[in-house]
Amino acid sequence: MWRWNKIITIHSWSGGKDSTASIILERIHNLPASKIIFSEVMFDNKNNISGELPEHIDFIHNKAIPKFREWGYDVQILRSEKDYLDLFYHVVTRSKKPERNGKYAGFLLAGMCAANSQLKIPPIKNFLKTVKKPFIQYIGIATDEQKRLKKLEGTNKISLLQRYGYTEKMAYDLCKKYDLLSPIYKFAKRGGCWFCPNCSYKEFARLKKCHTELWNKLMLLSNEQNIISSCFKYNKTFLQIDKKVDEINSQLSF
């Protein structure tokens, strides 16, 4: 059990620019070092395949965490006992549509992030239940994200970016200055799971080109017959997405 004598402060860290900048700001302003928690969504627990993009999870393990520990931070990686494959191969038994019962759930529905609600959030909630003292969560939300900041009002969540007047651009620059900017920003606006149906076609095209082995795992899943959700991205099957991805990659190659 992890406890402090005073009010506990906890960074909910994703490795993105905003939550990373929040940690840097804490250090710059000589605030007490908080506990850092990182909830890692897994694609395949058995074979230790992360749901994070390979470039990002490498940054997390081999660059950011060593630096934070060097600064005196306690960093803990959280994982759910379930993974993406558990969600995909979940056998439906209580559907109001009888023809669905006995089938696998299949691909996650776009716009309804089951990976977030079932794989990312529960480990965080379970961890917070172990904290037996009053605590504050530091959340990486910039000053130019007013709608998101509004949701923090009346909670025990605080944005250090808001406190010190940092916009998203300033957070980006701060991470770059400290050499703690995730490589995902070279090809994407923000991070996320590589299997997320909300990824853009260009992001999927890059995934297939740079991490073919991961793309092929999705291809294998698309061959399953006994599934309910065969659409991979907004009413598009995986094969339709794959065709679009090949068109993008061929254009880029040309």
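If you're wondering where the values come from, they're calculated on a predicted model, not measured in any experiment.
- By the rule that hydrophobic residues join a cluster once side-chain heavy atoms approach within less than 4.5 Å of another member, L161 and Y164 end up as members of one cluster.
- Distance check: K82 NZ to L87 CG gives 7.0 Å after rounding to the nearest 0.5 Å.
- Here the closest non-hydrogen pair linking I37 and I124 is CD1-CG2, 4.1 Å.
- Looking at E40 and H61, their side chains come closer than 4.5 Å, going by heavy atoms from C-beta outward.
- Looking at D58, its side chain never comes within 3.5 Å of a backbone N or O of P54 through a donor-acceptor pair.
- Note on V91: it clusters hydrophobically with I227, by side-chain heavy-atom contacts below 4.5 Å among ILVMFWY residues.
- Around atom CD of E99, more than 12 heavy atoms belonging to other residues, nucleotides or ligands sit under 6.0 Å away.
- Electrostatic pairing of E70 and K67 counts as a salt bridge here, judged by a charged N lying under 4.0 Å from a carboxylate O.
- Side-chain contact check for D18 versus E145: some heavy-atom pair is nearer than 4.5 Å.
- Between the side chains of Y201 and E247, no donor-acceptor pair is found at a separation under 3.5 Å.
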- Worked verdict on K177 versus D173 for salt bridge (Lys or Arg N to Asp or Glu O under 4.0 Å): CA-CA 6 Å; K177 177 182 178 181; D173 292 340; over 6 Å; no
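- Under the 3.5 Å distance criterion, the side-chain polar atoms of D86 are matched with a main-chain donor or acceptor of D83.
- Taken from CG in L152 to CD1 in I141, the straight-line distance is 4.0 Å, to the nearest 0.5 Å.
- Of the possible donor and acceptor atoms, none in the side chain of K202 sits under 3.5 Å from a partner among the backbone N and O of A188.
- The minimum heavy-atom distance between I10 and L128, with the atom names listed, is CD1-CD2, 3.7 Å.
- Two residues are said to be in side-chain contact when any heavy atoms from C-beta on lie closer than 4.5 Å; Y172 and L181 meet this criterion.
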- Might you work through the side-chain contact (heavy atoms from CB on, under 4.5 Å) test for F127 and K35, ending with a clear yes or no? CA-CA 11 Å; F127 170 81; K35 173 84 170 185; 3.9 Å; yes
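- Side chains of L31 and T9 form no contact here, defined as non-hydrogen atoms less than 4.5 Å apart.
- S34 places no side-chain N or O within 3.5 Å of a backbone atom of H11 that could act as its donor or acceptor partner.
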- Task: Give the intermediate values and the outcome of side-chain contact (heavy atoms from CB on, under 4.5 Å) for residues L207 and L53.
- Result: CA-CA 9 Å; L207 178 68; L53 281 165; 4.2 Å; yes
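- Looking only at distances, a side-chain donor or acceptor of Y185 sits under 3.5 Å from a matching main-chain atom of K17.
- Closest heavy-atom contact between Y138 and E26: CE1-OE2, 3.1 Å.
- With rounding to the nearest 0.5 Å, the separation of CZ in R148 from CD1 in I139 is 8.5 Å.
- A salt bridge links D242 with K208: at least one charged nitrogen is closer than 4.0 Å to a carboxylate oxygen.
- Aromatic ring centres of W215 and F204: separated by under 6.0 Å.
- Under the 4.5 Å side-chain heavy-atom criterion for grouping Ile, Leu, Val, Met, Phe, Trp and Tyr, Y73 is connected to F38 within one hydrophobic cluster.
- Heavy-atom minimum distance, E203 versus S200: OE1-N, 2.8 Å.
- In this structure, NZ in K120 is found 9.5 Å from OG in S12, a value given to the nearest 0.5 Å.
- In this structure a side-chain-to-backbone donor-acceptor pair under 3.5 Å is present from N156 to F135.
- Clustering ILVMFWY residues whenever any of their side-chain heavy atoms sit less than 4.5 angstrom apart, transitively, puts I60 in a cluster other than the one holding M42.
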- Query: Would T155 and Q137 count as a side-chain contact (heavy atoms from CB on, under 4.5 Å) if you check the C-alpha gap in whole Å, the side-chain angles of each, and the deciding distance to 0.1 Å?
  - Reply: CA-CA 9 Å; T155 72; Q137 277 185 277; over 6 Å; no
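- Note on F195: it does not cluster hydrophobically with Y234, by side-chain heavy-atom contacts below 4.5 Å among ILVMFWY residues.
- Taking all atoms of both residues into account, the shortest heavy-atom contact from V75 to F68 is CG2-CB, 4.0 Å.
- Under a 3.5 Å cut-off, the side chain of K132 and the backbone N or O of K129 do form a donor-acceptor pair.
- For the pair S229 (side chain) and L108 (backbone), a donor-acceptor distance under 3.5 Å is absent.
- Using a 4.5 Å heavy-atom cutoff, the side chains of Y166 and I24 are not in contact.
- Residues E168 and M170 form no side-chain contact, since every pair of their non-hydrogen atoms from C-beta on lies 4.5 Å or further apart.
- Contact of the K217 side chain with the I49 side chain is registered, since non-hydrogen atoms from C-beta on lie closer than 4.5 Å.
- Side-chain N or O atoms of W13 include none that pairs as donor or acceptor with a backbone N or O of G140 at under 3.5 Å.
- We find the CZ-CG distance between R27 and N30 to be 8.5 Å, quoted to the nearest 0.5 Å.
- Counting heavy atoms of neighbouring residues, nucleotides and ligands inside a 6.0 Å radius, atom CG of N235 does not exceed 12 of them.
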- Item | Evaluation steps, salt bridge (Lys or Arg N to Asp or Glu O under 4.0 Å), between K169 and D144 | CA-CA 9 Å; K169 176 62 167 59; D144 45 356; over 6 Å; no
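- P122 is not listed as a side-chain neighbour of S80, based on a closest heavy-atom distance of 4.5 Å or more.
- For N48, the side chain to side chain donor-acceptor pair (under 3.5 Å) criterion is met by R79, not counting sequence neighbours.
- Using the six-membered ring where Trp is involved, Y178 and W71 have ring planes that are perpendicular, over 60° apart on the 30 and 60° scheme.
- No option in F43, F232, Y104, F107 other than F107 meets the ring pair (Phe, Tyr, Trp, His ring centres under 6.0 Å) test with F88.
- No more than 12 heavy-atom neighbours from other residues, nucleotides or ligands sit within 6.0 angstrom of CD on Q225.
- In plain terms, the two heavy atoms of T167 and A142 that are nearest each other are C-CB, 3.6 Å.
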- Just do the side-chain contact (heavy atoms from CB on, under 4.5 Å) check on L149 and Q146 with the steps written out, would you? CA-CA 5 Å; L149 286 172; Q146 287 299 314; 3.7 Å; yes
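- Atom OG1 of T212 and atom CE of M219 lie 11.0 Å apart (nearest 0.5 Å).
- The closest donor-acceptor contact from the side chain of Q118 to the backbone of N116 lies at 3.5 Å or more, if one exists at all.
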